[in-house]
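The structure appears right after this line, and notes come after that.
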Amino acid sequence: MAKRFLTCSLEQPYLLPPSPNDWLPESHLARFVAELIGELDLSAITGEYGRKDGRGKAAYHPEMMVRLLIYAYCTGQTSSRKIEEATYVNVAYRYLAANQQPDHDTIATFRKQHLKALADLFIQVLRLCQEAGLVKLGHVALDGTKIKANASRRQSVSYERLSEQEKRWQQTVDELLAKAEKTDATEDEQFGQGNKDESLPEELAKAEKRLAAIRAAKAALKQRAETKLEEARQAAPPRPLGRPKKGASPSATEKTVAEKHRNKCKRARKQAKQPTSTHNYTDPDSRLMVDGATKAYVQAYNAQAAVDEQAQIIVAASVTQEVNDRNQLAPLLAETQQNVGAFPTVASADTGYWDTEFIDQYQTQASLLVPPEATRNSEIPANAPKNDTAQAMRERLKTEEGKAEYKRRAATVEPVFGQIKQARHFRQFSLRGVAAVAAEWQLVCLTHNLLKLARHRRAQTSPFSAPPGRRRRSPAHSSTRQQTFFVPGVRRAAFCRRNRHRHGRPANSCRPAPTMVFVD
């Protein structure tokens, strides 16, 4: 008897249920995104659509557009064209768009127009995580990562190279002008004066345009260096009034702060005289930085994050143009206090954040763990700080308690960058300009917290329980691919390889957890 098969005709009237609401399982991530967006205050976005006369074509609903963008960033999709395509071919996007298909121009314009309001949703999602008990502020880890700018490194030119190009293009313009004058004189002799074509020759117009761009780049580098010099002068510590008391001497901290500002002003004056930084024609706000993972120079921004240890929730996020993290400790701690209403009990960061002035300033607010030099060094380097604050920090990090506390830093913040850059493939910004990039980073961190909140809420209703005798980890620590809600693109084989030892099953077992469902 022949094997029977299910009917698979392409002419079948209904390949999907009539209602998009029935296309997805109840535990799909898209349903959680739709539910969460309904809890957020979108008045900052919807308020811009008010019009007194009521004229104009009906626009796509802002809530639907926010759902699409939030879900796209949750799944690592930032291209407006890819999002538009997904509204046709992806069931989750089609469900969130209510079976509508906004074009990529509409999606890109909406994101650009409401980028600041979308970034401000970070605070609302963070408050929901705080209400769910995912933020404890017991230990907060700070770190930064280099994320590529939407610009090519080849478009970066140094001030010295710009000067060379300016001379070369100025010579080209002079030669073309001389040639044009010679041509005009010849035509005047042949045809007489009058009725001349006043438009510039094509190659001369191109050369003058290039020369103007080079001069603008040089002016921008010069202005940047002068601005930093002025900031360094204004940040200098005030001198004490009057004559010092007999026998009185400044403290070690005051000496360190004064020396730091003197060196900073010295470097700023040198930069103002002859800038050594580079200018990028595509995105002038981006900088040439060394990627910590590959040790290669990349055109990037320095993305900062403060992560709470309880469930790896990002409590503060910012973007800086500085190539190192030295000046980011105070802004991140201040933003953390502003976002969640309190300072963490313990705040840890790597040696790149060491700054004696900031450490002394915030040591009374939170217990800071910042090594003055790399912890792998057995001896203190010659250029390491030698003040009392640095020595006290070394002594604390030598204790068993200090070692155990600092060891938790990498396990708290590094997985967050791994999930963002590796699991969700966010390695390059889509927008340009430091303001737009900072808002996009807030949007990325918002979706990271949203995924953590989704896992937490699913865990509250999940029938799965930990095996007897085994302590269950916090559900927010699990990766996106190990949750009970649906995540597109995750295959069963990958799950089996990562989880073959879980729940007491043999190594060759590929049976997933009972509540897992996959969508390829």
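Here the structure is a predicted model, which means the values were calculated and not measured.
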Under 3.5 Å, which donor-acceptor pairs link side chains of residues 408-418 to any protein atom two or more places apart or in another chain?
residue: Arg408; atom: NE; partner: Glu309; partner atom: OE2; Å: 2.6
residue: Arg408; atom: NH1; partner: Glu405; partner atom: OE1; Å: 3.3
residue: Arg408; atom: NH1; partner: Glu405; partner atom: OE2; Å: 3.2
residue: Arg408; atom: NH2; partner: Glu309; partner atom: OE1; Å: 2.4
residue: Arg408; atom: NH2; partner: Glu309; partner atom: OE2; Å: 3.2
residue: Thr412; atom: OG1; partner: Arg408; partner atom: O; Å: 2.7

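Between Thr320 atom OG1 and Asp325 atom CG the span is 8.5 Å, to the nearest 0.5 Å. Atoms CG and CG, from Leu121 and Leu128 in turn, are 10.5 Å apart once rounded to the nearest 0.5 Å. Residue Tyr73 holds its OH atom at 12.5 Å from CD1 of Ile420, rounded to the nearest 0.5 Å. Taken to the nearest 0.5 Å, the CH2 atom of Trp354 stands 10.5 Å off from the CZ atom of Arg326. In this structure, the separation between CD on Gln299 and NZ on Lys146 is 13.0 Å, given to the nearest 0.5 Å.
Under a 3.5 Å cut-off, the side chain of Asp283 and the backbone N or O of Asn150 do not form any donor-acceptor pair. With hydrogens and angles disregarded, a donor-acceptor distance shorter than 3.5 Å links the side chain of Arg127 to the backbone of Asn339. For Asp291 (side chain) and Ala296 (main-chain N/O), no donor-acceptor pair under 3.5 Å exists by modelled atom type. Using a distance-only test at 3.5 Å, with no hydrogens or angles considered, a donor-acceptor pair links the side chain of Trp441 to the main chain of Gln304. Using modelled atom types, no side-chain atom of Glu84 and backbone atom of Pro102 make a donor-acceptor pair closer than 3.5 Å. The closest donor-acceptor contact from the side chain of Arg31 to the backbone of Pro25 lies under 3.5 Å. Put simply, the side chain of Ser367 never gets that close to the backbone of Gln363: no donor and acceptor are under 3.5 Å apart. Between the side chain of His114 and the backbone N or O of Arg111 there is no donor-acceptor pair closer than 3.5 Å.
Counting only N and O atoms by type, the side chains of Asn280 and Arg432 include no donor and acceptor under 3.5 Å apart. A donor-acceptor contact closer than 3.5 angstrom links the side chains of Ser348 and His139. Using modelled atom types and a 3.5 Å distance limit, the side chains of Thr447 and Arg424 yield a donor-acceptor pair.
The aromatic rings of Tyr71 and Tyr93 sit perpendicular, their planes meeting at an angle over 60°, well past the 30° parallel limit.
For His104, the NE2 atom counts as densely surrounded, since its 6.0 Å shell holds more than 12 non-hydrogen atoms of other residues, nucleotides or ligands. When the shell of 6.0 Å around NZ of Lys421 is examined, it contains more than 12 heavy atoms from other residues, nucleotides or ligands.
Applying the side-chain contact (heavy atoms from CB on, under 4.5 Å) criterion to Gln101, with sequence neighbours excluded, gives Thr87, Tyr88, Arg94, Asn99. Residues passing the side-chain contact (heavy atoms from CB on, under 4.5 Å) test with Ser43, sequence neighbours excluded: Asp41, Thr46. In this view, Val434 and Asp285, Tyr301, Gln321 satisfy the side-chain contact (heavy atoms from CB on, under 4.5 Å) rule, not counting sequence neighbours. Scored by the side chain to side chain donor-acceptor pair (under 3.5 Å) test, Glu39 finds Arg457 as partners (sequence neighbours excluded). Gln337 is linked by a side-chain contact (heavy atoms from CB on, under 4.5 Å) to Phe343, counting only residues two or more places apart in sequence or in another chain.
Using a cutoff of 4.0 Å between basic side-chain nitrogens and carboxylate oxygens, Arg81 and Glu85 are not scored as salt-bridged. Look at Lys116 and Asp120 and you find a salt bridge, because one of the NZ, NE, NH1 or NH2 atoms lies within 4.0 Å of a carboxylate O, short of that distance.
Side-chain contact check for Gln328 versus Tyr353: some heavy-atom pair is nearer than 4.5 Å.
For Phe122 and His448, the distance between ring centers is not under 6.0 angstrom.
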